[in-house]
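Inspection log for the structure reproduced underneath, given as structure tokens.
In the text below, chain A, chain B and the rest are named by the order of the sequence lines, each starting its count at 1. Here the structure is a predicted model, which is why all the values come from computation and not from measurement.
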Protein chains: 2
Amino acid sequence: MECMNTAPAPADTAAPSDEPRWLTAEEQRVWRFYMHASTLLEDHLDRQLQRDAGMPHIYYGLLVQLAEAPRRRLRMTELAMNAKITRSRLSHAIARLEKNGWVRREDCPSDKRGQFAVLTDEGYGVLRRTAPGHVAAVRQALFERLTPEQQKSLGEIMEIVAEGLQPNEAGADLPWLR
Amino acid sequence: MECMNTAPAPADTAAPSDEPRWLTAEEQRVWRFYMHASTLLEDHLDRQLQRDAGMPHIYYGLLVQLAEAPRRRLRMTELAMNAKITRSRLSHAIARLEKNGWVRREDCPSDKRGQFAVLTDEGYGVLRRTAPGHVAAVRQALFERLTPEQQKSLGEIMEIVAEGLQPNEAGADLPWLR
DNA sequence: GAGCTCTCCTTGAAGGTTAAACAAATGGGG
DNA sequence: CCCCATTTGTTTAACCTTCAAGGAGAGCTC
């Protein structure tokens, strides 16, 4: 029942280095809770959506992105970036959603390499039917359990973390400039 | 670039119901940041460990659990519970780690159904070599970016969320008793 | 101790993800 | 215009995860 980051003994002495800087007991605690919560939450939502909508959480997220986009369509690359997944993964995902009839591909007129993923009416229907249940699940697993201050704090924290891991958000790939 | 939880329009009126309760704009913001950060962080650590240790993050976590257990061994079910994964998934994972020579299976003497997963010396070696790099990655992606207050807050929040999703922690499966 | 149920763990198949390799189109120099 | 690096999106194969099914032992009840 321990953390993911000790292997040898935690050494917090003032040793210059060559002994790596392990996590403190408190950091380990935080990290362990983070890992457990994120694993459990992701699994929970995956199961909920697989049961109620017949697709994993991330696929649902793709449909949502499309539903909110201008003409219910997005270029593959843009969709991949929004959803934080690789183009390869998106390619497979869209192929599957296309087979379901929930998304359709369309050529981009201005760039012959380009493809649009377009949400079909059926896809929109699925979303409309399943969104309430999904929102309820998120609410129940997360928001209902947190105070308003905690919700605010969580938002700030995750914004920082996400920003720091962005593949190459404007300037973020120039660490020597910080 | 929108959230995962709107599909129709957000209605925060005092309508009794049948119109589901959507997330508020602020809740959507929090949820979107959470999804992005957790996705990016998991991918980041997966890639880091795949590159440096030749296994995904969750497999690394299994080795850590074993390293910290009494005789570097754990019953399959216990390991699965600690790591928050299904027994089936664990079975496959241990099979792979066994093939790598990092884990060995051993029969349980007191229960002929039981199996121990035992960390081998080689497995321990891999852990010892790769732990510093992994800790550094976690530190750099998470702890270095957060204030002590934020770290504390994150721990509390994630503890609450994890506790709420526990399959059946003592009494947690009796919601009517809360 | 026979029958039942439950727990422990594994298996196989179906589906999702990854990394690397690729074809095609674009676009910026020369 | 031509070359070449880059961008766009797909493909293949290896790997991982999930789900449903199942074998086998434990343990309870009668």
Side-chain angles (χ1 to χ4, degrees), chain A residues 39-40 42-63 73-100 102-118 167-168, chain B residues 39-40 42-62 73-100 103-118 167-168:
Chain A
T39 303
L40 289 169
E42 180 62 18
D43 287 3
H44 181 68
L45 296 181
D46 257 343
R47 250 187 293 283
Q48 184 265 316
L49 279 171
Q50 191 66 56
R51 174 167 50 75
D52 297 348
M55 65 189 133
H57 187 193
I58 193 132
Y59 286 34
Y60 177 88
L62 296 176
L63 297 192
R73 76 193 52 213
L74 240 25
R75 285 287 295 271
M76 295 294 279
T77 294
E78 196 177 354
L79 181 48
M81 288 194 318
N82 288 359
K84 265 71 187 165
I85 63 177
T86 62
R87 285 198 290 288
S88 170
R89 186 173 176 182
L90 180 62
S91 225
H92 291 294
I94 293 297
R96 196 272 220 188
L97 291 172
E98 206 172 16
K99 223 173 281 180
N100 281 290
W102 298 337
V103 166
R104 166 170 42 86
R105 283 182 223 247
E106 220 169 86
D107 290 342
C108 174
S110 65
D111 183 339
K112 281 174 196 164
R113 295 167 303 178
Q115 290 274 102
F116 282 104
V118 185
N168 50 357
Chain B
T39 303
L40 288 169
E42 179 62 18
D43 287 3
H44 181 66
L45 296 181
D46 258 344
R47 249 187 295 283
Q48 184 264 316
L49 280 171
Q50 192 67 57
R51 174 167 49 74
D52 298 347
M55 64 189 134
H57 188 195
I58 193 134
Y59 286 34
Y60 177 88
L62 297 176
R73 76 193 51 215
L74 240 25
R75 285 287 295 270
M76 294 294 280
T77 295
E78 196 178 354
L79 181 48
M81 287 194 320
N82 288 358
K84 266 70 189 166
I85 61 176
T86 63
R87 285 198 290 288
S88 170
R89 184 174 178 183
L90 179 62
S91 226
H92 290 294
I94 293 296
R96 195 273 220 188
L97 292 172
E98 206 172 16
K99 223 174 280 179
N100 281 289
V103 166
R104 166 170 41 87
R105 281 183 222 247
E106 222 168 86
D107 291 342
C108 174
S110 64
D111 184 340
K112 282 173 193 162
R113 295 167 303 178
Q115 290 274 102
F116 283 104
V118 185
N168 50 358

Interatomic distance, B/Leu74 atom CG to B/Asn82 atom CG [nearest 0.5 angstrom]: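 Going from the CG atom of B/Leu74 to the CG atom of B/Asn82 covers 5.5 Å.
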If I take atom CG from residue B/Leu49 and atom CZ from residue B/Arg51, how far apart are they, to the nearest 0.5 angstrom?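 The distance works out to 9.0 Å.
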Set of salt bridge (Lys or Arg N to Asp or Glu O under 4.0 Å) partners for A/Arg47, sequence neighbours left out: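 Applying salt bridge (Lys or Arg N to Asp or Glu O under 4.0 Å) to A/Arg47 gives none.
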Residues two or more places apart in sequence or in another chain: which of them pass side-chain contact (heavy atoms from CB on, under 4.5 Å) with [X]?
X: A/Asn100; value: A/Arg96, A/Trp102
X: A/Gln115; value: A/Met76, A/Arg105, A/Asp107
X: A/Arg89; value: A/Ile58, A/Ile85, A/Thr86

Which part of the nucleic acid does B/Arg51 contact within heavy-atom distance under 4.0 Å: base, sugar-phosphate only, or nothing?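 The residue B/Arg51 makes no contact with any strand.
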Provide, to the nearest angstrom, the distance between the CZ atom belonging to B/Arg113 and the P atom belonging to C/dT7.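 Between P of C/dT7 and CZ of B/Arg113: 9 Å.
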Using whole Å, what does the distance between atom C1' of nucleotide C/dC8 and atom CZ of B/Arg87 come to?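 The distance from CZ of B/Arg87 to C1' of C/dC8 comes to 6 Å, rounded to the nearest Å.
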For DNA chain D, which nucleotides open and close the run of contacts to chain A, 5' to 3', at under 4.0 angstrom from a non-hydrogen atom?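 For DNA chain D, the relevant span reads D/dT7 to D/dC19.
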Evaluate the side-chain proximity of A/Val103 to A/Leu62: yes if any heavy-atom separation is below 4.5 Å, no if none is.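 Side-chain contact under 4.5 Å: no.
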Sugar-phosphate means primed atoms, P, OP1 and OP2; the rest is base. With that split, encode nucleotides 13-22 of chain C 5' to 3' as B, S or - using protein heavy atoms under 4.0 Å. ---SSBBB--
Identify, between A/Asp111 and B/Ser91, the residue whose nearest nucleotide on DNA chain C lies closer to the 5' end.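 Taking each residue's closest nucleotide, the earlier one in sequence belongs to B/Ser91.
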Measure from the side-chain N and O atoms of B/Asp46 to the backbone N and O of B/His57, and report whether any donor-acceptor pair falls under 3.5 Å.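 Present.
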